[in-house]
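Only one structure is covered here, and it is reproduced in the block below.
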Amino acid sequence: MSSTTMRSHQCGELRAEHIGQQVTLTGWVATRREHGEKLAFVDLRDHTGVTQCVVDNTVDVRAEWVLRVTGVVAARPAESVNDRLPTGAVELQDCAVEVLNVAEPPPFPVSERADQVAENTRLQHRYIDIRRERMQRNLRLRASVNSAIRRAMEEQGFVEVETPMLVPSTPEGAREFIVPSRQQPGSFYALPQSPQLFKQLLMVAGIDRYYQIARCLRDEDLRADRQYEFMQLDAEMSFVTQDDVHTAIGAAVLAAARAAGQDPGEIVKITWQEAMNRFGVDKPDMRFGSELVELTDVFAATEFKAFAGAPSIKGINAVGQADQYGRNKLDQMTDRAKQMGAKGLVWLRVAGDGTFESPVAKFISDDERAQLTARLAAEPGDLLLIVADQWATTCEVLGQLRNDIARPPVHEGPYRYLWVIDFPMFVGVDEATGRPKPGHHPFTQPHPDDVHLLETDPMNVRSQAYDLVLNGWELGSGSIRIHQPELQARIFALLGIGEEEAQRKFGFFLNPFKFGAPPHGGFAFGIDRLVAILAGEENIREVIAFPKTQSGADLMTNAPTPVAAKQLDELGIRVLPPKA
RNA sequence: GGUCCCGUGGUGAAGUUGGAGUUCACGCCGGCCUGUCAAGCCGGAGGUCGCGGGUUCGAGUCCCGUCGGGACCGCCA
């Protein structure tokens, strides 16, 4: 199957069963070991592995030269068998070497040693970097994941529909990349942040089950888990509840995990409320403990002023970590807590006799200490961290500290998939308008049990929005959408969006809903993030063939570049001089 | 927009209190070598210490700026 006109086998293929066959291999020179005038070993490499070729040392071949070698597969002498190599039982003898191309010495070793090389050097010569086993493994894993997702979606009756890359600019959400129109100078297309509009209209159009492995683009600052362009499994379904969506998307994610050779188990469901209470974040990493513990009632009648009257007091136990955190580190942690909005951070080291070592130990009564010790299961050597504040702040600060202190690296299993459901409909209040701010997008269907609270108690309305989380990474999110114009009007009214504004901003999207929009909902998850975690990589650049740097540059092609004045003229664009 | 870290032959690192571009490993070039597989041995070449300015008798080292790379915050409905 892998043979071509130029080769009979690939470099990782040959085994004892091939002994005696004449074969032709093609590939790159991995290493050359010379032993005098008559003998040299050349390790020939392709993406499948290496094969040792025994050649006459008068043949001049160098690292990364491209060769075609024809020879006879032979057993190695018993003492020369290499157990660390899959092909180590055999070698190619009586070799005829054809140099297909020469090569300059590579700027970095084409091996795992390049893991230590500065990333910009790897990115400048990405075509060499990708020759390495690690990148080959990651890109091929990515292909398997894509393939498994496609298969899982198609088995469930989803239809792949391609949506446009040149779309209207919409004012909401992430910053967009815009593309000037030549035919209408002064007008612009946007590159899609997601196929959101189109996939919902495909439901109106009766596609029923849509999916696409879609490229999405957002002009926001880049991070270890964010690139300008990224791939999503994008899907939408008609006549469903959120459980139907979870089942369908879950099948695709679990199929992807299995394609990566894992046994993913089940996807657990927890509510947003529970996630915040137990883990302090809406994307919990459930691989480790140190969960948040409720302490408000313990300090109901406390003498300690920092805790007295606080609406929410919670704590975590950094088990056995008392020695790890000196005064300096604890001060840094306190600063971090303050940056996140806490008034302070109380830390307590549990001493050998069970008493607390802490600047505030004297304010904590014996009874409070006993209850704290019991609730947090504190043992000598533990470090206890307590925050007292508004419920949301208490949860968020401790959740972040929990991750800082105890979160294992991504490549350490197990893999814990979960759905976080019942997100709040609104998060916070817009300072300028006094209106509630939507938590997801304004087309999200409220929870049916809470619809009656929309006007009277909006901050306690749950939505039918949900996230898929893996080991503390948000893989994606989705929702059941609003398909009823009256309900949509109520939501817009709450957000302070009048009919005219709604028409102007969302008309092209909402008007089609008048023509028979079915109940529908959907989901999208990031394939780059999923593959990174499955590959054990901390950074999505490691699973992207040609990624951009944090400043949005492609170091290999030098994009972005200025363009010719003539090109700008044609588009009716004039570039301002750089700011002084 | 902000905070922090990094920048020394092709690659990775060390470089002390500011005292000659010094050192180590890999790679590269040449030589030796018939069983290596991180081959070995001998020899050699290769640097505007990212760039600019300042302090100083003297700067890889200290200060300011700038460029490039990274982590994070903001941002990502």
Side-chain angles (χ1 to χ4, degrees), chain A residues 30-45 50-57 60 62-64 74 76-85 87-88 91 93 103-125 128-129 170-176 193-194 196 216-228 230 332 335-336 339-341 400 403-404 423 425-428 430 436-444 463 465 474 476-477 479 491 495 497 505-506 526 538-539 541 547-553 555 558:
Chain A
T31 57
R32 167 195 172 99
R33 297 176 292 278
E34 298 178 311
H35 290 269
E37 208 179 331
K38 290 278 168 37
L39 175 71
F41 301 100
V42 171
D43 287 346
L44 197 65
R45 179 193 65 236
V50 296
T51 294
Q52 172 167 286
C53 306
V54 186
V55 301
D56 186 306
N57 199 14
D60 183 25
R62 311 261 161 153
E64 301 308 315
R76 293 192 186 192
E79 66 279 10
S80 295
V81 167
N82 186 342
D83 294 327
R84 296 186 305 278
L85 220 55
T87 60
E91 62 189 10
Q93 294 182 350
E104 290 180 16
F108 51 85
V110 185
S111 72
E112 71 285 349
R113 290 182 193 180
D115 290 343
Q116 312 306 320
V117 171
E119 195 186 1
N120 56 350
T121 307
R122 292 172 54 205
L123 291 177
Q124 276 163 26
H125 306 276
I128 298 171
D129 193 35
T170 51
E172 311 297 312
R175 189 181 292 121
E176 300 169 316
Q193 303 171 33
S194 82
Q196 186 69 28
C216 304
L217 298 107
R218 295 178 189 174
D219 187 4
E220 297 290 350
D221 288 357
L222 290 74
R223 290 284 163 76
D225 61 350
R226 291 176 359 202
Q227 282 274 305
Y228 282 155
F230 56 99
Q332 282 173 19
D335 286 344
R336 183 151 163 81
Q339 275 167 19
M340 288 184 287
Q400 193 57 57
N403 277 343
D404 290 351
F423 270 76
M425 191 79 181
F426 305 101
V427 281
D430 189 293
K437 293 188 288 190
H440 196 52
H441 59 59
F443 316 112
T444 305
S463 70
E474 178 189 327
S477 61
S479 63
I491 301 293
L495 299 173
I497 300 172
K505 281 187 171 170
F506 309 113
E538 304 274 353
N539 194 306
R541 291 190 296 271
K548 306 244 182 326
T549 65
Q550 205 166 71
S551 57
L555 298 179
N558 287 324

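Order of the sequence lines sets the chain letters (A, B, ...), proteins ahead of strands, with each chain counted from 1. The analysis underlying the following values was restricted to heavy atoms, covering all of them including side chains, and did not include hydrogens, waters or symmetry mates. For clarity, every value in this text was computed on a predicted model and none was experimentally measured.
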Between [options], which nucleotide has the shortest distance from any of its atoms to the side chain of [X]?
X      : options                : result
A:N120 : B:rA38, B:rG68, B:rG12 : B:rG68
A:R76  : B:rG69, B:rG1, B:rG35  : B:rG35
A:N82  : B:rC33, B:rA71, B:rC37 : B:rC37
A:R541 : B:rU34, B:rC28, B:rG70 : B:rG70
A:E91  : B:rG35, B:rU11, B:rA38 : B:rG35
A:P107 : B:rG10, B:rC76, B:rG35 : B:rG10
A:D221 : B:rG69, B:rG1, B:rG35  : B:rG1
A:T121 : B:rU11, B:rG35, B:rC75 : B:rU11
A:R84  : B:rC29, B:rC37, B:rC76 : B:rC37
A:E34  : B:rA71, B:rC37, B:rC33 : B:rC33

Are [X] and [N] close enough that a side-chain N or O sits under 4.0 Å from OP1 or OP2?
X      : N      : answer
A:R223 : B:rG74 : no
A:R32  : B:rA39 : no
A:T31  : B:rA38 : no
A:R62  : B:rG30 : yes
A:T549 : B:rG69 : yes
A:R175 : B:rG1  : no
A:N539 : B:rG70 : no

Whole-Å gap separating [atom2] ([N]) and [atom1] ([X]):
X      : N      : atom1 : atom2 : answer
A:Q52  : B:rA38 : CD    : P     : 11 Å
A:Q550 : B:rG1  : CD    : P     : 14 Å
A:L555 : B:rG7  : CG    : P     : 18 Å
A:D43  : B:rG35 : CG    : P     : 17 Å
A:Q116 : B:rC6  : CD    : C1'   : 15 Å
A:E220 : B:rC75 : CD    : P     : 10 Å
A:R336 : B:rU3  : CZ    : C1'   : 12 Å
A:N57  : B:rC33 : CG    : C1'   : 9 Å

ring centroid sep under 5.5 Å plus plane angle under 30, A:F41 with B:rU36
yes
Base-pairing mate for [N] - Watson-Crick or G-U, with both contacts under 3.5 Å:
N      : result
B:rC4  : B:rG70
B:rG19 : B:rC57
B:rG43 : B:rC29

Whether the side chain of A:R218 and the base of B:rC76 hold a donor-acceptor pair under 3.5 Å is what I'd like checked.
no
A:R62 and A:D60 ion-paired at < 4.0 Å
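A:D60 and A:R62: salt-bridged.
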Taking A:D221 first and then A:R226, would you say they form a salt bridge - that is, a charged N and a carboxylate O separated by under 4.0 Å?
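No, A:D221 and A:R226 are not salt-bridged.
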When A:K548 and A:F443 are each assigned the nearest nucleotide of RNA chain B, the 5'-most assignment goes to A:K548
